[in-house]
**Q** 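Sending over a structure as structure tokens; questions will come in a sec.
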Amino acid sequence: MATTATAIISLDIEGPKISRHLYGHFAEHLGRCIYGGFWVGEDSPIPNEGGIRLDVVQALRALNIPNLRWPGGCFADEYHWKDGIGPRDQRPRMVNTHWGNVEENNHFGTHEFMALCELLGAEPYLNGNVGSGTVQEMSEWVEYLTREGDSPMVRLRKANGRDEPWRVKFWGIGNETWGCGGNMRAEYSADLARQYATYCRDHGDNKLYRIASGAADADYAWTQTLMQQINCFGCEATPRTFFQGISVHHYTMAGAWETKGSATVFDTDDYYRTMVSAQKIDRILTGHSTVMDCYDPGRKVGLVLDEWGTWWDVEPGTNPGFLYQQNTMRDALVASTHFDIFHKHAERLYMANIAQTVNVLQAMVLTDGDALVLTPTYHVFEMNKGHQDAASLSVHLHTDNARRPVGDAELDTLSVSASVKDGTVLISLSNLDAEDPAEVTLDLRGHSIGEPTARILTADGLQAHNTPQTSEAVCPRPFDALKATDRGLALTLPAHSFLTVQAPLA
């Protein structure tokens, strides 16, 4: 039975700005994300600039990628940045103990990452080593990158070919210190966050946005412990500025950690369990935001979801430590649902980074030799890029039948968000029902609109995915079935589909 719904959107009442950094990305030294993904080396027959693969850069530039997190992840807390500078043939090698136990040559280091960010037009987000590093090591990394004038680290940077400092705003203070980043208690991790933040200094006019390693999933006590470092419960005082953001991580799965399931071989029940897991991020963000509000009612400290996405079993025949998985229409709907929820939390949520950008987990791009494939998730990012730095618009959804039971939970099968920027409204809609369409009326108030255009992302099956041989099995298509009404627009949203509607304000 088709779902029927009315989405009431007031085009003249703007809400919090949707930070462009909610559309951020993540590149860890993991599997083929860096080596074979972003980095092919200067001697590769694959077109590159200074060793950086150019078809990957071109694809990501089309997303208006706002930031890129590096070098991890778990890898960050065994990475020592000084091993990745200077002549490449003189850099010491290391073993990546977290991911595949492989040896790395450190050819992709700080200078290469900064060159990549410049090619992408993205802000760098560097994650420092707290688990096995030192305060001095991270402090010197900040100095090396951002200080001008003269100092030991400035002289070292200049000796390595870079005279002028870079601008680097975002710095992560450790990663998952509750787990792979040191197996710490919250109290100890919070003390280290204060200590490291103290010595990560602003040099000149480069003002740092320090992000303390935060909780996994719904561990609200971890967030409370961090917030207690910067303010007292219920205080109206401005929080102390040890750190400007707190991270949280949440991955979407259909089952338990031990039995994640296949990325491409799954049934409708698996799909619905996945979507329930995806929608949990709303409750998780609400919980952490509520805790933060008790210590920071003015919302000066940002919540940073710097790892999110689907996590499936690796593709058969691939290294289990490389986390290479395919990417289907199901993954695309996980992404579209997340973005609607992110927009809802725009007042507190400042940054989000999908895991990961190339060849790992819920990737934007898959590479195979000189072939490159854009995933269904890539297309969600591209279709939604107009929301970046736009003003959110509240959406009031009226429906009696856009819910279905899934085990002991319920799934909202219709997801909608909207924003306005530069006189243009962008509305995103997802029908999560696997089989039935949704009849949706967009009740647009406060403004009339000009000629709308729409695009749709869907496929014959939820398992559909792109390969080098079938690169457009799941890709956006024009949608010309919009109907004008007295109050706005009406449309039929097919089963398991994502749709964007864009129109100028009249």
Side-chain angles (χ1 to χ4, degrees), residues 28-29 67-86 91-92 94 106 108-115 117 123-178 180-182 184 187-214 226 229-230 239-247 301-302 304 306 351:
E28 184 169 5
H29 287 243
N67 69 74
L68 184 63
R69 180 179 180 234
W70 174 85
C74 293
F75 180 82
D77 283 295
E78 64 178 359
Y79 180 69
H80 300 283
W81 69 270
K82 288 184 181 178
D83 292 342
I85 59 174
R91 297 179 188 179
M94 66 171 292
N106 272 313
F108 188 92
T110 297
H111 288 252
E112 290 77 18
F113 174 68
M114 296 305 296
C117 289
E123 290 195 54
Y125 170 13
L126 290 167
N127 211 124
N129 182 345
V130 172
S132 69
T134 66
V135 175
Q136 179 180 352
E137 182 179 17
M138 189 170 177
S139 175
E140 289 182 340
W141 204 10
V142 176
E143 178 187 335
Y144 182 90
L145 280 156
T146 66
R147 186 176 177 84
E148 59 184 351
D150 186 41
S151 76
M153 291 301 105
V154 171
R155 290 192 291 274
L156 181 59
R157 184 188 71 229
K158 290 181 177 179
N160 288 325
R162 175 77 182 196
D163 288 339
E164 297 301 316
W166 288 281
R167 297 192 68 83
V168 185
K169 178 180 179 179
F170 299 116
W171 291 85
I173 302 172
N175 168 78
E176 294 187 0
T177 50
W178 42 265
C180 65
M184 303 174 192
E187 294 79 8
Y188 181 68
S189 178
D191 285 342
L192 286 181
R194 288 175 54 147
Q195 181 185 15
Y196 273 71
T198 299
Y199 291 95
C200 291
R201 303 190 186 280
D202 295 337
H203 292 283
D205 61 355
N206 187 83
K207 305 301 181 184
L208 304 189
Y209 190 96
R210 305 164 185 85
I211 301 167
S213 176
L226 282 171
Q229 310 307 307
I230 60 177
R240 287 173 286 183
T241 56
F242 296 128
F243 36 83
Q244 289 69 46
I246 290 176
S247 72
V301 179
V304 176
D306 54 12
M351 181 189 287

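Note that the coordinates shown come from a computational prediction; the quantities given were computed from them, not determined experimentally.
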**Q** Check whether N129 reaches the backbone of H80 with its side chain - one donor and one acceptor, N or O, closer than 3.5 Å.
**A** no
**Q** If I compare all heavy atoms of N127 with all of P71, which pair ends up nearest, and what's the gap?
**A** O-CD, 3.5 Å
**Q** Would the distance check show the side chain of Q229 and the main-chain N or O of L226 forming a donor-acceptor pair, the cut-off being under 3.5 Å?
**A** no
**Q** Tell me whether E148 at atom CD has more than 12 heavy atoms from other residues, nucleotides or ligands lying less than 6.0 Å away.
**A** no
**Q** Do F170 and D306 come close enough that some side-chain heavy atom pair is under 4.5 Å?
**A** no
**Q** Any idea which heavy atoms bring Y144 and M153 closest together, and the distance?
**A** CD1-O, 3.5 Å
**Q** Mind checking whether L156 and E140 have side chains closer than 4.5 Å, heavy atoms only?
**A** no
**Q** Sorted by first residue and then second, give each salt bridge (charged side-chain N to carboxylate O under 4.0 Å, His left out) pair with at least one member in residues 200-213; sequence neighbours left out.
**A** R167-D205, D202-R210
**Q** Which residues pass the ring pair (Phe, Tyr, Trp, His ring centres under 6.0 Å) test with F242, sequence neighbours left out?
**A** none
**Q** How far does NZ of K82 sit from CG of N106, to the nearest 0.5 angstrom?
**A** 14.5 Å
**Q** For N175 and G181, indicate whether the former's side chain and the latter's backbone hold a donor-acceptor pair under 3.5 Å.
**A** no
**Q** With rounding to the nearest 0.5 angstrom, report the OH to CD distance, Y79 to E137.
**A** 9.5 Å
**Q** Is the distance between the ring centroids of Y196 and W171 under 6.0 Å?
**A** no
**Q** What heavy-atom pair brings G109 and W70 nearest, and what distance separates the two atoms?
**A** C-CH2, 3.6 Å
**Q** As an exercise, state the distance from NZ of K169 to CG of N67, rounded to the nearest 0.5 Å.
**A** 10.0 Å
**Q** Taking the side chain from E28 and the backbone from C74, do they hold a donor-acceptor pair closer than 3.5 Å?
**A** yes
**Q** For Y125, give me all partners under ring pair (Phe, Tyr, Trp, His ring centres under 6.0 Å), at least two apart in sequence or on another chain.
**A** none
**Q** Taking the side chain as C-beta and beyond, is there a heavy-atom pair between K158 and D163 under 4.5 Å?
**A** yes
**Q** Is there a side-chain contact between L192 and M184 in this structure, where contact means two heavy atoms from C-beta onward sitting under 4.5 Å apart?
**A** yes
**Q** Return the CD1 to CD distance between I230 and Q244, rounded to the nearest 0.5 Å.
**A** 9.0 Å
**Q** Return the CD1 to CG distance between I211 and L126, rounded to the nearest 0.5 Å.
**A** 10.5 Å
**Q** Using modelled atom types only, decide if a donor and an acceptor are shared between the side chain of D77 and the backbone of G174 within a distance under 3.5 Å.
**A** no
**Q** Look at the side chain of S213 and the backbone N and O of T177, then say whether any donor-acceptor pair between them is shorter than 3.5 Å.
**A** yes
**Q** If we only count heavy atoms from C-beta on, is the R69 to M351 side-chain gap below 4.5 Å?
**A** no
**Q** Which heavy atom in V154 sits nearest to a heavy atom in E143, and how many Å separate them?
**A** N-OE2, 4.3 Å
**Q** Let me know which of N160, V168, I85 forms a side chain to side chain contact (heavy atoms under 4.5 Å, CB included) with T110.
**A** I85
**Q** So which atom in C200 and which in L208 form the shortest heavy-atom distance, rounded to 0.1 Å?
**A** O-CD1, 3.4 Å
**Q** Report yes or no: does R162 contribute a side-chain atom to a donor-acceptor pair with the main-chain N or O of H111 at less than 3.5 Å?
**A** no
**Q** How long is the straight-line distance from CH2 of W81 back to CH2 of W141, given to the nearest 0.5 Å?
**A** 8.5 Å
**Q** Say whether, by atom type as modelled, one donor and one acceptor occur between the side chain of W178 and the main chain of G214 under 3.5 angstrom.
**A** yes
**Q** Using a 3.5 Å distance criterion without hydrogens, assess whether the side chain of S139 forms a donor-acceptor pair with backbone atoms of V135.
**A** no
